[in-house]
Amino acid sequence: MTAWKSGAPLEVLTLGLQGEVFALEAAHVREILDLIPVTGVPNSQPFVGGLINVRGKVVPLADLRLKFGMELQPPTIDTRIVVTEVMIDGDPVIVGIRADKVYEITQMAASALEETPRIGMRWRPEYIRCIAKRGAEFIVVLDLERIFSRGDARDDAATPSQRSAA
Amino acid sequence: MSTLDPATIFRQEAQELLEQLEQALLDLEHAPDDDDLINSAFRALHTVKGSGAMFGFDAVATFTHHVETAFDLVRKGKVAPSRALIAVGLAAKDHMRLLIETPDLAEAADGDAILQSLKQIVGGPSPSMAAAEAAPEPEDAPQGTSPEGTSTWRIRFRLARDAMAMGTNPLLLLDELRGLGVATVVARTEGVPALEEMAATECHLAWDVVLTTSQPRTAIEEVFMFVIDDMELSIDAIGMAGEGRRIGEILVDRGDVAQQAVDAAVAAQMPLGTLLVKSGEVSPDTLAAALAEQQHVRTGLGAAGTGPSALPGNPQGGVKGAAKAVDSIRVPAERLDELMDRVGELVIVQSRLSQVAAFSNDAEVKAIAEEIERLAHELRDTTMGVRTVPIGSLFGRFRRLVHDLANELGKRIELVTVGEETELDKTVIERLNDPLIHLIRNAIDHGLEAPEGRAAAGKPAAGRITLTACHAGAEVMVSISDDGRGLDRARIQSRAEDQGLIPAGAKLSDAELFQLIFEPGFSTAKEVTSLSGRGVGMDVVKRAIEGLRGKIDIASTPGEGTRLTLRLPLTLAIIDGLLVRVGTGRYALPLSAVEECVELSAEEDARSRGRSFLNIRGDLVPFLRLRELFQVTEPPDRYQKAVIVSFGGRRVGLVVDQVIGNHQTVIKSLSKLHADVETFAGATILGDGAVALILDIANLVKLGMAYENRFKAAS
């Protein structure tokens, strides 16, 4: 059903969140921006609590750290915004994703990809597309559609918001 | 999109022309002497005919030609635009639309029937399209039957007096006959008694039908299968060969008159029919029927002989149509969307420029910035003007609906439209069509009482449906109101309790209760007669309006009527906004909703901790502290300001830290991820490139009202 199961390599963008390495399918990624001013949206879910201006378009900014219950650190010189296009409930939506660091676009051989194990995961398995093995480390490839699908767009960790300006 | 299919262009153009025709016809009903209207109808017909012929819509051109001929007589003052003529004209318009849009569904027989009735009304020669269209009608004809394989029958029938009471509908019988082939129907009214003796439920009419069909006689008999026992029916074959048959021969053949009478009349050298009528040998009806038969046979043969080429399309009409097209240009809607986007970006850049210029000391830069600001605003207004159309174009369509429904239901209805000039985005207007039809239908069907009921309630016999449109702040309000019986509170409440939508005995406000009729499946027509249907499909209406990010309000007074108000946001628009600051966040609100800005004095600020009301020249206005609403943690400014906004006649103060000033606000909608945030209507981009949220005034006012109500309940 998916590309990596058909044997083709999976092209991904690797990024860092709170010291962990995650990957997004490169097909979702439109561009990568330096951190730009973020407008907070009061009373929204903290996980998607910001708006940014991407070339004249108003784009929601998501902070996956809140989705994964991570601690929030102030932005650094490495902080980036990955602009992605995700299908949400059947419609393409442009969403910015905040990353502590962006590493590279890389290809994962199909043989290096594994199904998400049911147990032993720190992250909720439904948000994970698959696990990629690279050298000694494992990289979690995120399933953006699941993460943003409407039923799941709430925060899993009820962290109070620190979302306004960066 | 540059290579548009010419047929598509024709369809679009024809659609507009047909609307023009319909408008003119409906107006004519009220002002039959208005030459402009007659000319407008005529021009529309003429252009449809011409363009139709040019683009190869021959059936349309041919049909329209006949209608045009009839209206030419009207134009020349030879025929009065009677109600009957208008009704046929409308039917003809519908048929033309069918021919243009779904020619496969258009029944040639229907068109022919329309032309026949038109002919009867106008009285002028109107050649039937019978044979011309009968040829490409294979499904009725047996395999291999040519048009010559048809035969013509004379069917004369009179139903039993109580036939209608027994459930027979003569119209259906006639329709069935028409379905068999090309029929000319003449109703004979000589059996109708004087008014005082007439029983409305009895059938006094008789019909003469001349039918050209490829079907055998048995097919005709089958039409009358269920009523044959009690009726008078004769079916005779008449040869199409009798092309030149005279009216006298026909009358004799039909047994309407004796040969001697005809001979006597012929000897008198006057138009035979007239003479026979005069001498009382035949009734006018009988003559009309015979003449119709003569016409039917004659035209049937004539058309079959010479084919469709005998009915010329007018190429000059096509040329005129093309010349007219220069006045307006058709542009695909998406190009306008693109233009709007560009203008939006320009406005954003322009406000940046203005901001930079404001800090500049260079007078020339300031002058240029001002000039560009002016141009950008004009460009914005022009572009928005291109994108919007007056809602009158939509209201106009409903006049036909109301006209038809009034006839159908036997109610007299007056349709009043207000604010037709209110402009709305074209796509919004298109998407309003179906919900509004539904609501109007409901209002007429269920809201307005039957004439007796209205008389009993002391209301004028004609029910009144009012369609209103106006701009209210950043929204457009479209309301449909009737002066009918109003919604029945108690019934809705008990239905809702039965369906478990609300707990038994729940106390709801009118507004809350009436919203229940939008629940899917609420109210099944059978059980709640006075409301029947109000719930059926209302959920669909609501969904459609919500799809436009609009809302529906209902107000209803028992015995006085119901008003449904659709509040539609101007989604694709640039508005004049007022920029305010709350904490570090900047927010825009539509300037049109702003009434005034006042300073919240320190003492008022302090005093109003418990009860948040402002005294605005003697009126108590509730206010909301946006700092609290938005959970702002930064310390407040020393002097808090209150922006008084109004919506739907209600006022609410919004307390902010600072009023920044005017801002050209390009509305950008929020993504799905923020669909749950109700306090914002959208976002915009500020001069410095930052994003600012646009406050949803309607929602904030609602919050303020809830606050006020709580306060009132507590005091």
Side-chain angles (χ1 to χ4, degrees), chain A residues 33-64 66-67 81 83-98 144-155 160-166, chain B residues 338 340-352 547 579 581-588 624-634 665-696 699-700 703:
Chain A
L33 305 172
D34 286 344
L35 192 61
I36 50 178
V38 180
T39 302
V41 182
N43 306 322
S44 67
Q45 299 145 18
F47 150 62
V48 284
L51 293 174
I52 49 171
N53 168 9
V54 180
R55 289 174 219 296
K57 287 201 161 59
V58 175
V59 171
L61 178 65
D63 196 333
L64 295 181
L66 286 163
K67 195 78 175 175
I81 291 170
V83 182
T84 61
E85 185 174 316
V86 186
M87 294 297 285
I88 300 180
D89 301 333
D91 295 312
V93 177
I94 311 283
V95 186
I97 292 173
R98 195 178 152 131
L144 288 181
E145 279 167 34
R146 292 293 290 275
I147 290 174
F148 290 112
S149 79
R150 203 103 88 116
D152 259 333
R154 73 199 108 69
D155 299 349
S161 56
Q162 283 101 333
R163 61 198 177 279
S164 46
Chain B
E338 275 172 39
M340 195 70 217
D341 279 352
R342 290 295 100 76
V343 171
E345 282 168 36
L346 179 70
V347 168
I348 290 164
V349 175
Q350 174 267 315
S351 58
R352 271 175 88 168
L579 206 59
R581 184 174 59 79
V582 179
T584 54
R586 283 174 294 176
Y587 301 90
L624 295 167
R625 290 172 189 280
L626 294 186
R627 299 180 55 85
E628 288 169 18
L629 200 60
F630 299 160
Q631 295 154 28
V632 173
T633 47
E634 294 90 354
T665 309
V666 182
I667 300 179
K668 311 257 179 188
S669 50
L670 293 175
S671 74
K672 278 185 173 181
L673 292 174
H674 291 117
D676 56 331
V677 189
E678 286 196 332
T679 34
F680 303 112
T684 188
I685 293 173
L686 299 179
D688 59 5
V691 176
L693 287 155
I694 301 170
L695 297 172
D696 184 342
N699 244 305
L700 290 169
L703 273 175

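Note on naming: letters A, B, ... go to the chains in the order of the sequence lines (proteins, then strands), and numbering restarts at 1 for each one. Not measured: the values here are computed from a predicted model.
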Could you check whether any side-chain N or O of A/Lys67 sits under 3.5 Å from a backbone N or O of A/Phe47, counting only pairs where one atom can act as donor and the other as acceptor? no
Under a 3.5 Å cutoff, is there a donor and acceptor pairing between the side chains of B/Asp676 and A/Gln45? yes
Parallel, tilted or perpendicular: which one describes the rings of B/Phe680 and B/Phe630, with boundaries at 30° and 60°? tilted
Under a 4.5 Å cutoff for heavy-atom pairs, which residue among B/Ser671, B/Ala690, B/Ala692, B/Gly585 has the most contacts with chain A? B/Ser671
Among B/Val349, B/Ile685, B/Thr633, the residue with the most heavy-atom pairs under 4.5 Å to chain A is B/Ile685
Check side-chain hydrogen bond (donor to acceptor under 3.5 Å, both in side chains) between A/Glu85 and all other residues, then give those that pass, not counting sequence neighbours. A/Arg30
Examine whether an atom of A/Val95 lies under 4.5 Å from a heavy atom of chain B, and if so say whether it belongs to the side chain, the backbone or both; otherwise answer neither. side chain
Contacting region of A/Ile94 [heavy-atom separation from chain B under 4.5 Å]: neither
Under the criterion side chain to side chain contact (heavy atoms under 4.5 Å, CB included), which of A/Thr39, A/Leu61, A/Ile36 is the partner of B/Val691? A/Thr39
Between B/Thr679 and chain A, which part of the residue has a heavy atom less than 4.5 Å away: side chain, backbone, both or neither? side chain
